[in-house]
Amino acid sequence: MDIQTGIRWMELFNEKVQQEKDYLTQLDTPIGDSDHGNNMSRGMAHVVEAIDTQSPNSLEELLKLVTTTLLSKVGGASGPLYGSAFMGMLKTYQGDGSSWSKVLQCGLESIQKRGKAEIGDKTMIDVWAPVVQAAENEQLTNEVIDEAVEATKPLKARKGRASYVGERSIGHIDPGAYSSALLFHAMLEAEA
Ligand code: ADP
Ligand code: MG
Ligand code: MG
């Protein structure tokens, strides 16, 4: 990952979030409070605006900008969680010139530190964990990402707002899992 690819990644993520804003809201309706589309769309609009005005010229600067923007501009659970993800990635990237899969893994660990969710709790972790694993094995594909999203459907939510509806969360895709899939589809597209 270099700075050009990183900027392209965020631009593509923004495009996908804006395109699928209504669907993200729809996913957040039966098992949440119908704001995930708005939260992500507002946050990513601010991110691309900040990229435009600040023109980061290293991946470190970019990751920092994304972290602070998401933490300050997005409410709800997803802002702090995505913010933590980018903060974790930044920390590792600065640290020891780690491989990109290691950087992603630290993003995942950082979300878990913040939100305390485990695999199977029906959250964004259920996309991040298999993606990190596949990236480590150099087997990350769009199919891997989509399968992980689908696999959240039969799960009963144990974290976040969706856990309030208990059994009724079964049978629905988790909104944060879906937005995380957009993030990783954008990453593969930017890297291609
Ligand atoms: P809110 O639930 O506060 O309205 P959003 O609707 O923007 O925030 O985001 C909801 C998403 O956040 C969920 O679909 C889930 O993927 C994710 N989420 C919620 N709580 C946690 C948690 N503790 N750990 C990981 N992800 C979580
Ligand atoms: Mg919500
Ligand atoms: Mg909310």
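Order of appearance sets the numbers: ligands from 1, and atoms from 1 within every ligand. The analysis underlying the following values was restricted to heavy atoms, covering all of them including side chains, and did not include hydrogens, waters or symmetry mates.
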Of all protein heavy atoms, the one nearest atom 24 (N) of ligand 1 is Ala117 CB, 3.4 Å
Hey, is Met124 touching ligand 1 through its side chain, its backbone, both or neither, going by heavy atoms under 4.0 Å?
both
for atom 7 (O) of ligand 1, nearest protein heavy atom and its distance come out as Ser78 OG, 2.6 Å
Please report the shortest heavy-atom distance between Leu70 and Met44, naming the atom on each side.
CD2-SD, 4.3 Å
At a cut-off of 2.8 Å, protein N/O/S around the Mg ion (ligand 2) gives Asp28 OD2, Asp33 OD1, Asp35 OD1
For a quick check under 3.5 Å, do Asn14 and Gln18 share a side-chain donor-acceptor pair by atom type?
yes
To which protein heavy atom is atom 3 (O) of ligand 1 closest, and what is the distance rounded to 0.1 Å?
Ala77 N, 2.8 Å
Nitrogen or oxygen of Lys116 less than 3.5 angstrom from that of ligand 1:
no
Counting both backbone and side chain atoms, is some N or O of Ile125 under 3.5 Å from an N or O of ligand 1?
no
N or O pair under 3.5 Å between Lys159 and ligand 1
no
closest protein heavy atom to atom 5 (P) of ligand 1 is His36 ND1, 3.4 Å
N-O pairing of Arg8 and Glu11 below 4.0 Å
yes
Option with minimal heavy-atom separation from atom 15 (C) of ligand 1, where the choices are Asp28, Asn39, Asp174, Asp126:
Asp174
If I apply the N/O under 3.5 Å rule, does Lys122 come out as touching ligand 1?
no
closest protein heavy atom to atom 18 (N) of ligand 1 is Leu81 CD1, 3.6 Å
Find all atoms of ligand 1 within a distance of less than 4.0 Å from any non-hydrogen atom belonging to Gly176, and give their numbers and elements.
13 (C), 14 (O), 16 (O)
Report the nearest protein non-hydrogen atom to atom 2 (O) of ligand 1: residue, atom name, distance rounded to 0.1 Å.
Arg161 CD, 3.4 Å
Please report the closest heavy-atom contact between Gly120 and Arg158, naming both atoms and the distance.
O-NH2, 3.3 Å
Ligand 1 N/O within reach of Gly75 N/O, cut-off under 3.5 Å
no
Nitrogen or oxygen atoms of Ile111 and ligand 1 under 3.5 Å apart:
no
Specify the closest pair of heavy atoms between Ala117 and Ile125, including all atoms of both residues, with the distance to one decimal.
CB-CG1, 4.0 Å
Do Ser110 and Phe86 come within less than 4.5 Å of each other through their side chains, counting heavy atoms only?
no
Region of Asp121 that comes within reach of ligand 1 [heavy atoms, distance under 4.0 Å]:
neither
